[in-house]
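Here the structure comes first, spelled out in structure tokens, and everything after it is commentary.
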Amino acid sequence: MARPKKKLYIRTFGCQMNVADSELMAQVLGEEYELTAHAEEADLYLINTCAIRRKAEEKVKSLLGSLKFLKQQRPQLLLGVGGCVAQQEGERLLAAAPHLNLVFGTKGIYHLPELVGRIARGERVVDVGLNRDCPELPRRAWLPGTFQTMVTIMRGCDNFCTFCVVPYVRGREASREPDAIIAEVADFLAAGGQEVTLLGQNVNSYGRGLAETITFTQLLRRLNGLPGLSRLRFATSHPRDLSPELIDAFGELDALCEHLHLPVQSGTDRILKRMNRGYTHEHYLEKVAALRRACPGIALSTDLIVGFPGESEADFVQTLDLMRAAGFDQSFSFKYSPRPQTRAATYPDQVAEEVKAERLARLQALQDELTLKSHARLVGQEHEVLVEGFSKRSIEELCGRLRTNQVVNFSGPRELVGSLTRVVITEAHPHSLKGRRVQGLDHLVSVGRSA
Ligand code: 5AD
Ligand code: SF4
């Protein structure tokens with residue numbers, strides 16, 4: 001009889017890429033460990049960390065401190081810290097936390113079975129080599145009922161934006177072979193999957209360095225042809241590398257959702273230059289106009305940093321102007337936070353914390369207005385919705401997303417979770433929409449109305 005598996009608990013901080021990496025950790029350890037949702041019963045506890053801003057890093061360190069008590073109660077517990085903070089801190093983490101068994105960097109994931117074997121034999125291990133290989137893994141097994149997945153198509157980043165720690169902690173850019181990606185997506189669809197999100201730090205440069213000549217748009221075209229794929233999304237795109245062929249793809253590929261996350265970071269040419277972003281306010285807005293021509297109704301989201309070194313009030317106002325001109329449907333905004341090794345951390349003209357906080361509040365108030373306007377435009381329209389689960393307020397209500405990525409709550413039977421349905425938008429709220437499911441005669445009436 002097979003030996004019962006040991007329990008693995010993973011606490012994930014940070015971005016979608018980290019969520020995908022945590023899935024990978026569970027996959028590579030799958031022969032010996034099975035995931036648990038209860039930290040108290042874990043035999044192996046892994047923290048997957050994020051170093052993008054100082055706050056994220058502080059959270060990791062405070063969690064690590066509090067785990068001393070869990071380890072006192074369960075001395076046999078093995079504790080590991082992986083991901084970007086582990087990559088950045090290496091040996092220092094192990095020295096600061098005597099209860100820690102393992103520190104593994106962003107490439108160490110692939111070597112976890114060997115590393116965990118060593119800590120189980122009593123060693124304390126640090127593995128933060130950035131030149132480690134990332135071999136293709138055996139086929140993934142999806143849990144029954146999984147209808148959304150993320151597929152990592154490339155790792156690392158060669159852009160060196162002056163604020164960003166990613167190139168230092170995730171290493172040089174490397175694309176996965178297209179056939180491996182296509183096989184993974186085809187497997188997922190065969191298991192009943194509906195929606196795939198392709199992940200990379202800068203997906204537009206997908207394909208560089210591969211033996212086969214292939215662009216990101218060509219990869220999207222090949223995936224779009226797979227039977228059963230309802231929704232295809234990707235993150236993240238760099239505005240400088242957003243090609244005309246990719247812009248056109250939004251108007252052409254059935255599965256490609258009408259939503260693009262296109263981080264602008266700032267609306268001022270001088271700051272964009274200091275950030276090493278490689279585009280201007282005007283170039284960015286030209287790309288937005290081209291996207292809207294190719295795909296009217298496309299939703300746009302972005303990332304913004306306030307208080308980058310040297311940002312004046314006039315610079316900040318230009319960022320607000322760009323937000324209005326682009327009409328972002330959603331944005332993720334952050335106070336600039338100096339990161340180790342990055343060029344901007346050495347700039348002498350750092351902006352005061354209070355100024356950053358005040359600008360962030362003004363920027364977020366503007367985004368709330370823009371989001372509400374974009375939500376209000378949807379009222380009365382009928383949309384396809386992928387039902388993702390239950391609404392935050394009540395399990396009587398379903399929750400899903402439009403192709404354009406907005407969240408909608410509506411009544412319907414729970415069996416709909418994981419499938420596509422159609423919904424008329426009835427109310428616009430700041431963070432979500434309310435809708436009514438279209439069915440039977442209702443559908444005919446709604447079609448009749450809009451004809
Ligand atoms: N400070 C603040 N925000 C940052 N980001 C990246 N580095 C920093 C930093 N040092 C933001 C950018 C990026 C998002 C993932 O995090 O907006 O697009
Ligand atoms: Fe960081 Fe710039 Fe690379 Fe994005 S493109 S991961 S912001 S260096």
Side-chain angles (χ1 to χ4, degrees), residues 12-21 49-59 83-85 87-88 106 130 152-175 197 199-206 208 216 234-242 260-268 271-279 284 300-311 316 319 322-323 326 328 330-347 349-353 355-357 359-360 363-364 367:
T12 307
F13 291 89
C15 60
Q16 277 181 309
M17 183 70 96
N18 266 16
V19 175
D21 278 352
T49 62
C50 170
I52 200 96
R53 283 169 293 277
R54 193 166 40 207
K55 229 190 197 164
E57 188 180 329
E58 283 162 2
K59 276 193 215 156
C84 295
V85 176
Q87 188 68 51
Q88 183 184 288
T106 49
L130 262 187
T152 299
I153 62 164
M154 59 197 299
R155 297 190 162 269
C157 181
D158 290 350
N159 278 321
F160 292 93
C161 299
T162 59
F163 52 82
C164 186
V165 76
V166 166
Y168 304 97
V169 291
R170 287 196 177 265
R172 298 287 65 76
E173 199 175 276
S175 296
T197 303
L199 295 182
Q201 306 296 340
N202 179 17
V203 293
N204 305 106
S205 54
Y206 173 79
R208 275 185 213 158
F216 179 59
F234 60 85
T236 291
S237 270
H238 194 301
R240 185 195 54 217
D241 303 329
L242 183 67
L260 177 64
H261 185 64
L262 194 64
V264 67
Q265 313 295 2
S266 166
T268 314
I271 298 290
L272 287 168
K273 195 152 193 243
R274 288 188 106 196
M275 288 176 160
N276 189 30
R277 292 290 289 176
Y279 54 87
Y284 186 92
L300 295 174
S301 56
T302 200
D303 289 345
L304 291 147
I305 296 177
V306 298
F308 182 81
E311 184 191 69
F316 174 65
T319 298
L322 181 139
M323 288 171 69
F328 292 123
Q330 196 188 11
S331 68
F332 302 90
S333 45
F334 314 98
K335 290 190 279 184
Y336 168 72
S337 150
R339 304 312 295 134
Q341 296 175 272
T342 59
R343 194 132 50 92
T346 66
Y347 292 169
D349 42 3
Q350 300 287 326
V351 172
E353 269 315 299
V355 176
K356 288 184 200 169
R359 287 184 189 159
L360 187 67
L363 185 151
Q364 290 180 341
Q367 185 58 56

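Numbering of ligands and ligand atoms starts at 1, following listing order. Side-chain atoms are counted along with the backbone in the values below, which use heavy atoms only and exclude waters and symmetry mates.
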Once you restrict to heavy atoms under 4.0 Å, what part of [X] touches ligand 2? Side chain, backbone, both or neither.
X      : answer
Cys161 : both
Val166 : side chain
Pro167 : side chain

Point-to-point distance, once rounded to the nearest 0.5 Å, from [atom1] of [X] to [atom2] of [Y]:
X      : Y      : atom1 : atom2 : value
Thr106 : Met17  : OG1   : CE    : 10.0 Å
Ser266 : Ile305 : OG    : CD1   : 9.0 Å
Ile52  : Cys164 : CD1   : SG    : 4.0 Å

Which of the atoms of ligand 1 are close to Gln265, meaning less than 4.0 Å from one of its heavy atoms? 12 (C), 13 (C), 17 (O), 18 (O)

If you count the atoms of ligand 1 from 1 in the order shown, which ones are under 4.0 Å from a heavy atom of Ile52?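 Under 4.0 Å from Ile52, ligand 1 has these atoms: 5 (N), 6 (C), 7 (N), 8 (C), 9 (C), 10 (N), 16 (O).
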
Please verify the inter-ring angle class for Tyr279 with Tyr284; under 30° counts as parallel, over 60° as perpendicular, anything in between as tilted. tilted

[X] N/O to ligand 1 N/O under 3.5 Å:
X      : result
Tyr336 : no
Arg339 : no
Phe334 : no

Please walk me through it: do Asp241 and Asn202 pass side-chain hydrogen bond (donor to acceptor under 3.5 Å, both in side chains)? CA-CA 9 Å; Asp241 303 329; Asn202 179 17; 3.2 Å; yes

List the steps, then state whether side-chain hydrogen bond (donor to acceptor under 3.5 Å, both in side chains) holds for Glu173 with Ser205. CA-CA 9 Å; Glu173 199 175 276; Ser205 54; 3.0 Å; yes

Regarding [atom]: of the candidates [options], which has the closest heavy atom?
atom                    : options                        : result
atom 2 (C) of ligand 1  : Met275, Lys356, Lys335, His261 : Lys335
atom 13 (C) of ligand 1 : Thr302, Ile305, Asp303         : Asp303
atom 16 (O) of ligand 1 : Arg53, Gln16, Lys55            : Arg53

Which of the atoms in ligand 2, numbered in the order shown and given with their element, are less than 4.0 Å from a heavy-atom of [X]?
X      : value
Cys157 : 3 (Fe), 5 (S), 6 (S), 8 (S)
Phe163 : 7 (S)
Phe160 : 8 (S)

Suppose we only count N/O/S atoms under 2.8 Å; would Cys164 qualify as near atom 1 (Fe) of ligand 2?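 Coordinating: yes.
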
Centre of Phe160's six-membered ring, under 6.0 Å away, within 45 degrees of the axis: is that where NZ or CZ of Arg343 sits? no

Relative to Tyr347, does Arg274 satisfy both conditions: NZ or CZ under 6.0 angstrom from the six-membered ring centre, and within 45 degrees of the ring's axis?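 Output yes; distance and angle both within limits.
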
Does Arg277 have a non-hydrogen atom less than 4.0 Å from ligand 2?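 Contact present.
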
What residue and atom, counting heavy atoms only, is the protein's closest point to atom 4 (Fe) of ligand 2, and at what distance? Gln201 O, 4.3 Å

For atom 5 (S) of ligand 2, the protein heavy atom that lies nearest, with its residue and separation: Asn159 ND2, 3.3 Å

Should His261 and Phe332 be marked as a ring-ring contact (aromatic ring centres under 6.0 Å, His included) after you check the CA-CA gap, both sets of side-chain angles, and the distance that decides it? CA-CA 10 Å; His261 185 64; Phe332 302 90; 5.7 Å; yes

